[in-house]
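Notes follow the structure.
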There are 2 protein chains.
Amino acid sequence: MATPAPARQRLDRLRDSALTDDIEFLNARARALGSATFNRLLEPLGLRVRSYSVLACACGGLAPTQRQLADFLRLDPSQIVSLVDELESAGLVRREVDPADRRSKIIVATDRGEEVYLVAQRAAREAEDSALAPLSAAERDQLRALMRRVAFPDDED
Amino acid sequence: MATPAPARQRLDRLRDSALTDDIEFLNARARALGSATFNRLLEPLGLRVRSYSVLACACGGLAPTQRQLADFLRLDPSQIVSLVDELESAGLVRREVDPADRRSKIIVATDRGEEVYLVAQRAAREAEDSALAPLSAAERDQLRALMRRVAFPDDED
DNA sequence: ATTCTACCATTGCGGTTCACAACGATCTCT
DNA sequence: AGAGATCGTTGTGAACCGCAATGGTAGAAT
C-alpha cells in the first residue's frame, strides 16, 4: 500500500522540482485548472472568462470607460474593443459617449445584461467553489486577501 | 488631498466591483503582471515562461517522460512536443528513449542546459521577488502554501 | 502466439489570447 | 490657434490552448 502506481511515483518526483515553490508556475497551473471549468460553466450563457469580467464591470452602475476597463482588467485596449463588440452585439451592454470627454465611451449593462450577469455570477461562485475545494473557508479568505494585494500592488495599505 | 486625480477615483469604483473577490480574476491579473516581467528577464536567455518550466523539470536528474511533463505542467502533450523541440534545437535538452517503455521519451538537460537553468533560476527569483513585493516573507510562504494546494488538488493531506 | 485494446509522441488544425504599431477624433495646455 | 497627449479603433504577427488523427509500442485476452 506504499505506492499506488509507478506512474504516480514518477510524478511525485516532479513534485520535488524547484517549480513547486515557483509562484508563477503555481499560478499558471491553478489557472489552467480553474478557468477550464469556469469556461465550461459559462458556455451555456455565451460567455467566457474575459467577457464575463467585462460584463461584471459594466453592471451595478460602475459605468467605466474602455480605458479604465483596460487598466483594471490588465488587458490591451484593443482587446477591450472586441470584447465590448461581442457583448454589445449580444445585447448585454451599451456604449455611451462620455459627456465629460467625447473621446471616451462608457460601458453600461443593459437590463438583459444585468440579468445574465446574475446567472453568470452563480456560475462563477460554483467554479470558484470547485477550484478552492481543498481549502477551508478561512483559508479561502486568506488566499483572496493575499492575492488581492499581489494583483493590486499599487494600493498601499 | 482627498483624491489624487479624477481618473484614479473612477478606477477605485471598479475596485469595488464583485471581481475584486473573484479568485479567478485576481489570478489572471496577478499572472498578467508577473509573467510580463518574468518573460522580460528570461528573454536574454532565449527562454520564456513555458520553456523555462520544461527546462526546470529536465534538470536535477528528474528525467521525466513527455507525458509526465504534460500532466505536471498541465499542458497538452502536443505543446510539450514543440517546447522540447525548441529546447533541444537550442542544445539545452536531450530526448532519450525510455528503456522501460520504448514508446515514451525521457527528457534530460544537457550540461549547457543545467548551466542556463541556474542563470534562469536567478531571473525567476528576481521576477518572483518583484511580483510578491507587497508581501512580507511570512506572507509569501503562506501564499505559496495555499496556492500549492489549489494547484495540486489531488494531494490529500 | 496472435489479436485486441490502450498508450505514447507526433502532426495538423482552428480558435483564443496577447502585444505592439498606426490612425482619426478629441481634449488640454500654452 | 497650434502642439502634444489621450481615447477608441483597426490591423498584424506571435504565442497559447485544446482537439482529432496517426504510426509505433506495450500489455492483456484469447
Side-chain angles (χ1 to χ4, degrees), chain A residues 5-7 10-11 24 27-29 31-40 42-43 46-54 64-71 73-88 93-107, chain B residues 5-8 10-11 24-25 27-29 31-40 42-43 46-54 64-71 73-88 93-107:
Chain A
R10 266 280 188 64
L11 232 170
E24 197 70 38
N27 212 338
R29 209 188 127 103
R31 196 164 140 69
L33 287 170
S35 65
T37 75
F38 195 2
N39 275 329
R40 228 178 299 274
L42 242 32
E43 193 176 10
L47 292 175
R48 308 184 56 72
V49 173
R50 324 198 52 242
S51 40
Y52 166 76
S53 57
V54 170
T65 69
Q66 297 189 194
R67 166 64 54 173
Q68 290 164 348
L69 283 174
D71 290 342
L73 301 176
R74 246 328 144 118
L75 295 176
D76 194 82
S78 61
Q79 299 176 42
I80 302 290
V81 171
S82 50
L83 286 169
V84 171
D85 280 350
E86 191 186 321
L87 290 172
E88 194 175 35
V93 131
R94 223 179 16 242
R95 269 184 247 243
E96 293 183 358
V97 179
D98 185 349
D101 183 345
R102 301 211 328 269
R103 285 172 303 178
S104 49
K105 304 184 182 169
I106 291 176
I107 309 303
Chain B
R8 171 73 185 172
R10 267 278 190 64
L11 231 171
E24 199 69 39
F25 163 66
N27 211 339
R29 208 188 128 104
R31 195 164 141 69
L33 287 170
S35 66
T37 75
F38 195 4
N39 274 329
R40 229 178 296 275
L42 242 32
E43 194 177 9
L47 292 175
R48 306 185 57 74
V49 173
R50 329 209 34 249
S51 40
Y52 167 76
S53 57
V54 171
T65 69
Q66 297 189 193
R67 165 65 52 173
Q68 290 164 346
L69 283 173
D71 290 343
L73 301 176
R74 244 335 142 114
L75 296 176
D76 194 82
S78 60
Q79 301 176 40
I80 301 290
V81 171
S82 51
L83 285 169
V84 171
D85 281 350
E86 190 187 321
L87 289 172
E88 194 174 35
V93 131
R94 224 180 14 244
R95 268 183 245 244
E96 292 184 358
V97 179
D98 185 349
D101 183 344
R102 301 214 326 271
R103 284 172 303 178
S104 49
K105 304 186 181 167
I106 292 176
I107 308 304

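Letters A, B, ... mirror the listed sequences (proteins, then strands); counts begin at 1. Not measured: the values here are computed from a predicted model.
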Per-nucleotide protein contact string for nucleotides 10-19 of chain C (B base, S sugar-phosphate only, - none; heavy atom under 4.0 Å): BBB---SSB-
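- Nearest heavy-atom pair across B/Leu83 and B/Ser51 is CD2-N, 4.0 Å.
- Of the two residues contacting DNA chain C, namely B/Asp101 and B/Arg40, the nearest-nucleotide position lying further toward the 5' end is that of B/Asp101.
- Here the range on DNA chain D touched by chain A, meaning any atom under 4.0 Å from one of its heavy atoms, is D/dA5 to D/dG11.
- Rounded to an integer number of Å, the gap from CG of B/Asp98 to C1' of C/dA9 is 13 Å.
- Note that CZ of B/Arg48 is 10.5 Å distant from CZ of B/Arg40, once rounded to the nearest 0.5 Å.
- A close approach under 4.0 Å does occur between a side-chain nitrogen or oxygen of A/Arg102 and OP1 or OP2 of C/dT26.
- More than 12 heavy atoms of other residues, nucleotides or ligands sit less than 6.0 Å from atom CD of B/Glu96.
- Taken to the nearest 0.5 Å, the CG atom of B/Leu75 stands 10.0 Å off from the CZ atom of A/Arg29.
- Distances shorter than 4.0 Å separate none of the side-chain N or O atoms of B/Arg67 from OP1 or OP2 on C/dC7.
- Checking side-chain atoms of B/Gln66 against main-chain N and O of B/Ile107 turns up no donor-acceptor pair under 3.5 Å.
- By the 4.5 Å heavy-atom criterion applied to side chains, A/Asn39 and A/Glu43 are not counted as neighbours.
- The closest side-chain heavy-atom distance from B/Arg31 to A/Glu24 is below 4.5 Å.
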